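Just so it is clear: chains get the letters A, B, ... in the order the sequence lines come, proteins before strands, and each one is counted from 1. Note that the coordinates shown come from a computational prediction; the quantities given were computed from them, not determined experimentally.
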Amino acid sequence: MLDKTLRNFDIPAFQQDLINWYQANKRDLPWRRTQDPYKIWVSEIMLQQTKVDTVVPYFQQFIEKYPTPYALAEADEQDVLKSWEGLGYYSRARNLQTAVREVVADYGGKVPDSPAALGSLKGVGPYTKGAILSIAYDQPQPAVDGNVMRVFARVLNIDEDIAKPSTKKLFEKIAAELISTADPSSFNQGVMELGALVCTPKTPSCMLCPVQEHCRAFADGLEQELPVKTKGKKQKTTTYAALLIKNEQNQYMIEKRAENGLLANLWQFPMAPIDEIGMEHITNWFFAEYGVQMNIGDKAGTLKHVFSHLIWQLEIFHAMTMQTETADERIIFVKPEDLRLYPFPVSHQKMLKYILD
DNA sequence: TAGTCGTGGAA
DNA sequence: TTTCCAAGACT
């Protein structure tokens, strides 16, 4: 299967054309100005499912605050989450810190350069492992992301569904065959850079492509049809009442979310699923759930927030309570000016404007 | 395997 | 407006 796919494919010429193009056209990105495995690691975690333009400012600020594995290992998780606020996929931040602590404890603070040790770290999967080994340590390891699957699917005219995990394994085998042993870093980054700048998902710029002469999809006019990717299911909407509960000290009630699952360990204004409990039972539900007696006031606004796999429809209300504390450790009351000290998901960051005017 | 896990930008 | 998606990992 693999032999047939790669038969008559001029691997050395493809490598050379790709690497030459990459050297001449690569973007000047902060993580390309260093060989520090820790910094490259941080960049690769941030770049998971996230655009380069989004990552750049987060990376700069993160490295300034946590310049070494030791600095990150010693940091408070809440501070790390605050640095990650707005970037999404927050378990990446917590897994990174867990992994960095392991590197400090078990590897003397040096990022492992063996595939087995690196791949065992929390949050380091097949792609990230290959990226770190190739970019930081110049090892010829495949690093297959969405770009790589798209580029290789077109160049080699492969119509396997790239949404399937088994297809990713196929491309890892292909990447292992194609990767340059002379410059694995430039090869891997070159494929990704090509995917980001030229071999784009929609309307690829084939006329500007440095490997056009190697591309079977272009030769057959199939560049728009490849790669094949089945689409996921639609998100389900849940409606919540989100309450801006103020007490007589002008403090607002916020809640730390569970330590697992969606938006783990971030803070939010309390929410009630009004589909389930009914708007008329909210007060009782809140008392049962949080031990807080409150009166609901005016509606402050409405907010629709779209996640990857679900949608929140938030109906936002002002509310008043006489209490300044509860028995629930997840609940605290905070002055408006201190709310920004806590890591909030974007949906609840937006709610701050109803309080801070 | 398929679902979970965020966000903002492009077409 | 809707859809898709971006340098994935985990369960």
Side-chain angles (χ1 to χ4, degrees), chain A residues 22 26-27 29-32 40-59 81 84-96 98-99 118-136 142-151 161-169 171-172 175 185 187-197 199-204 224 227 229-236 257-266 268 304-312 343-350:
Chain A
Y22 175 70
K26 63 182 177 184
R27 289 169 289 182
L29 301 172
W31 47 89
R32 288 183 177 159
I40 289 166
W41 180 10
V42 170
S43 77
E44 290 300 340
I45 299 298
M46 286 187 169
L47 285 163
Q48 289 170 6
Q49 300 291 286
T50 311
K51 302 257 203 226
V52 164
D53 290 345
T54 301
V55 168
V56 168
Y58 281 91
F59 176 82
L81 285 173
W84 212 271
E85 185 181 57
L87 197 53
Y89 287 140
Y90 298 95
S91 66
R92 291 183 295 175
R94 302 201 305 140
N95 289 340
L96 174 60
T98 298
L118 193 56
S120 74
L121 296 172
K122 194 111 40 190
V124 179
Y127 163 77
T128 304
K129 176 178 63 176
I132 294 171
L133 291 176
S134 61
I135 298 170
V144 174
D145 70 336
N147 289 309
V148 175
M149 288 197 284
R150 182 172 61 257
V151 170
D161 180 5
I162 66 168
K164 295 172 62 174
S166 57
T167 303
K168 188 180 175 189
K169 292 183 179 178
F171 280 108
E172 282 166 351
S185 172
F187 181 88
N188 280 346
Q189 295 191 78
V191 180
M192 293 188 280
E193 194 79 340
L194 188 71
L197 300 181
C199 195
T200 49
K202 300 168 188 173
T203 63
Q224 299 276 11
K229 185 179 185 182
T230 57
K231 39 191 164 191
K233 299 191 306 185
K234 259 184 254 177
Q235 306 103 316
K236 211 170 247 181
R257 291 180 59 87
E259 59 184 336
N260 291 306
L262 183 68
L263 305 169
N265 280 356
L266 272 67
Q268 67 179 19
K304 180 182 178 180
H305 192 78
V306 179
F307 296 88
S308 321
H309 59 299
L310 56 94
I311 299 173
W312 279 358
F344 284 91
V346 167
S347 53
H348 285 253
Q349 273 184 278
K350 289 177 178 169

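Atom CD of Glu193(A) and atom C1' of dA6(C) are 13 Å apart (whole Å). Counting to the nearest Å, the C1' atom of dC4(C) and the NZ atom of Lys233(A) are 18 Å from each other. What separates CZ of Phe171(A) from P of dG8(C) is a distance of 15 Å, to the nearest Å. The separation between Leu194(A) atom CG and dA6(C) atom P is 14 Å, rounded to whole Å. When the P atom of dC5(C) is taken as reference, atom CD of Gln235(A) falls 13 Å away, rounded to whole Å. Between Leu262(A) atom CG and dC10(C) atom C1' the separation is 15 Å, expressed in whole Å. Regarding Tyr89(A), its OH atom lies at a distance of 12 Å from the P atom of dA6(C), rounded to whole Å.
Aromatic ring orientation, Phe59(A) versus Trp31(A): perpendicular (interplanar angle above 60°, classes split at 30° and 60°).
At the phosphate of dA9(C), OP1 or OP2 sits under 4.0 Å from a side-chain N or O atom of Lys168(A). Contact between the side-chain N/O atoms of Arg150(A) and the OP1/OP2 oxygens of dC5(C) is not found at any separation under 4.0 Å. The phosphate of dT3(C) has neither OP1 nor OP2 within less than 4.0 Å of any side-chain N or O from Lys231(A).
Counting non-hydrogen atoms under 4.0 angstrom, Arg257(A) reaches nothing in the nucleic acid. Among the atoms of the strands shown, none is found under 4.0 Å from any heavy atom of Gly232(A). Among the heavy atoms of the strands, none lies under 4.0 Å from Trp312(A). At a threshold of 4.0 angstrom between heavy atoms, the contacts of Lys122(A) are confined to the sugar-phosphate backbone, with no base atom among them. Within the 4.0 angstrom heavy-atom criterion, only backbone atoms of the sugar-phosphate kind lie near Gly86(A); the bases stay farther away. Counting any heavy atom pair closer than 4.0 Å across all strands shown, Thr203(A) reaches no nucleic acid atom. Residue Val306(A) is in base contact, counting any heavy-atom pair closer than 4.0 Å across all strands shown.
Look at the C1' atom in both dT1(B) and dC10(C): the space between them is 13 Å, to the nearest Å. Rounded to a whole angstrom, the distance from the C1' atom of dC5(B) to that of dA6(C) is 15 Å. dG6(B) and dT11(C) are spaced 14 Å apart, taking the P atom of each and rounding to whole Å.
Leu310(A) CG to Lys236(A) NZ: the interatomic distance, rounded to the nearest 0.5 Å, is 11.0 Å. Here the CD1-NZ distance, from Ile162(A) to Lys164(A), works out to 12.5 Å after rounding to the nearest 0.5 Å. In this structure, CG in Leu262(A) is found 9.0 Å from CD in Gln268(A), a value given to the nearest 0.5 Å. Summarising the geometry, atom NZ belonging to Lys350(A) is positioned 6.5 Å from atom NE2 belonging to His305(A); distances are rounded to the nearest 0.5 Å. Taking CE of Met149(A) as the reference point, atom CG of Asp161(A) lies at 9.5 Å (rounded to 0.5 Å).
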Before giving the answer on side-chain hydrogen bond (donor to acceptor under 3.5 Å, both in side chains), spell out for Gln48(A) and Tyr127(A) the whole-Å C-alpha distance, their side-chain angles and the decisive distance to 0.1 Å.
CA-CA 9 Å; Gln48(A) 289 170 6; Tyr127(A) 163 77; over 6 Å; no

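With the nearest nucleotide of DNA chain B identified for both His309(A) and Lys202(A), His309(A) has the one nearer the 5' end. Mapping Pro345(A) and Pro165(A) onto DNA chain B by nearest heavy atom places Pro165(A) closer to the 5' end of the strand. Two residues, Leu121(A) and Arg32(A), neighbour DNA chain C, and the one matched to the more 5' nucleotide by heavy-atom proximity is Arg32(A).
The heavy-atom pair separating Cys199(A) from Arg150(A) by the smallest distance is O-NE, 2.7 Å. Closest heavy-atom contact between Leu81(A) and Ala264(A): CD1-O, 4.2 Å.
Under the side-chain hydrogen bond (donor to acceptor under 3.5 Å, both in side chains) criterion, Ser43(A) pairs with no residue, sequence neighbours left out.
Remark: Gln49(A), Thr50(A) in residues 41-53 of chain A come within less than 4.0 Å of DNA chain B through at least one heavy atom.
Of the possible polar contacts, none joining the Arg27(A) side chain to the Val52(A) backbone as a donor-acceptor pair under 3.5 Å is found.
First and last contacting nucleotides of DNA chain B toward chain A (any atom under 4.0 angstrom from a heavy atom, 5' to 3' order): dT1(B) to dG8(B).
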